[in-house]
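Counting starts at 1 for both ligands and their atoms, following the listed order.
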Amino acid sequence: MRVLFIGDIFGRPGRTVVHRLMAELREEFQPSLIVANAENATHGTGMTRAAFEELSVEGIHVFTGGNHTLGKHEILILMDEHPNVLCPGNASLALRRHGWFVWPSSDGPIGIVNVIGQYCMSAVDSPYDYLEDVIGGFDMEHVVMRFVDIHAEATAEKAALLHLFDGRVSVIVGTHTHVPTADARVTEKGTAFITDVGMTGVMSSIIGLDPETVLRRIQTGVTYPPHVAEGEATLMAVVVDIDPLTGKSTSILPLQRKS
Ligand SMILES: [Fe+2]
């Protein structure tokens, strides 16, 4: 079972590089499942229905989210209509059922769970308790392949999640910082891990945003609305191989591609 996971798709430049590279990536890696974090897909904040439809056409099967997912209220309708659109399930009681989904892949069912960290995020429940509840729940307890996106600011929160769930989930990928980390590995217990996959957006930016408007804000204290950086984007992703019989991962490969 091969999963392609695409890091935070940021605005139009991010969606454009996905469009330009997806056929090539599908041909090269032949993934059974494509998951993308799309919390920044529309103007850097949330994902509208139009962006969801655009990215679905590219072959993305499951969408994860983060702190910006709730920035566009239509996401609630989208998640009700499409169970493959997720947001962090520990963000609020009302969202718990939208934090996980079981995808019936050609290699067998795989559970995808989306949680958010607590550091620098507005009050959210424990991601550790939430993930424990979900993987022990009726729908997931017999699903051996389990993929987790933890959307978090602090590297330690992601490492803590790995130590708590090592060998009990197949994959833990970190998202949110937009900066890829060089620690991709598979543990002895078979969990593939990376602290942060990085961003699918313009690298010569301030984490996806136009530097000029961000600097104007920093220098004056005036809350100028941020703008998505223009230019050529880089796609950052990981390719993970999972044994469908045991749920153990065998490899994780970080990618950075330009179109
Ligand atoms: Fe985020």
Side-chain angles (χ1 to χ4, degrees), residues 5-15 17-18 35-48 51-52 55 60 62-76 78-79 85-92 95 98-100 112-128 130-131 147-161 171-181 193-203 205-211 213-214 217-218 223 225-229 233-238 254:
F5 179 85
I6 302 170
D8 308 34
I9 300 170
F10 204 99
R12 180 170 297 284
R15 301 198 311 271
V17 76
V18 168
V35 184
N37 186 296
E39 74 136 0
N40 304 121
T42 300
H43 308 312
T45 306
M47 177 174 67
T48 55
F52 162 72
L55 291 166
I60 294 169
V62 179
F63 297 84
T64 54
N67 50 310
H68 288 302
T69 294
L70 304 174
K72 299 260 186 305
H73 56 84
E74 67 182 276
I75 193 71
L76 290 170
L78 205 57
M79 290 192 298
V85 177
L86 304 181
C87 73
N90 61 314
S92 77
L95 298 173
H98 294 299
W100 61 271
I112 297 101
V113 189
N114 189 191
V115 295
I116 191 166
Q118 293 170 299
Y119 178 69
C120 286
M121 301 295 183
S122 55
V124 297
D125 297 335
S126 161
Y128 315 104
Y130 178 79
L131 183 55
F147 187 104
V148 181
D149 171 358
I150 174 165
H151 195 81
E153 182 73 28
T155 52
E157 288 187 289
K158 299 168 180 178
L161 197 79
V171 186
I172 296 174
V173 292
T175 56
H176 177 69
T177 71
H178 297 183
V179 179
T181 56
F193 177 77
I194 185 167
T195 299
D196 208 296
V197 175
M199 164 183 70
T200 296
V202 176
M203 215 195 276
S205 66
I206 296 180
I207 61 170
L209 292 168
D210 171 44
T213 48
V214 174
R217 197 169 167 152
I218 288 170
T223 52
H227 292 294
V228 173
T234 301
L235 181 143
M236 300 185 189
V238 289

* Asked: In this structure, which one of Ile112, Ile194, Thr64, Val171 forms a side-chain contact (heavy atoms from CB on, under 4.5 Å) with Phe5?
  -> Thr64

* Asked: Do the side chain of Asn37 and the main chain of Glu39 share a donor and acceptor less than 3.5 angstrom apart?
  ->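 Yes; at least one donor-acceptor contact below 3.5 Å.
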
* List the steps and the verdict of side chain to side chain donor-acceptor pair (under 3.5 Å) for His151 and Asn67. => CA-CA 8 Å; His151 195 81; Asn67 50 310; 3.0 Å; yes

* Asked: For Met79, what residues pass the side-chain contact (heavy atoms from CB on, under 4.5 Å) criterion, not counting sequence neighbours?
  -> Ile75, Leu76, Val85, Cys87, Leu95, His98

* Structure fact -> With sequence neighbours left out, the residues meeting side-chain hydrogen bond (donor to acceptor under 3.5 Å, both in side chains) with Thr177 are Asp196

* Structure fact -> Contacts of Arg15 meeting salt bridge (Lys or Arg N to Asp or Glu O under 4.0 Å) (sequence neighbours excluded), chain-then-number -> Glu54

* **Nearby protein N/O/S atoms (those under 2.8 Å) for the Fe ion (ligand 1), with water ignored** => Glu39 OE2, Asn67 OD1, His151 NE2, His176 ND1

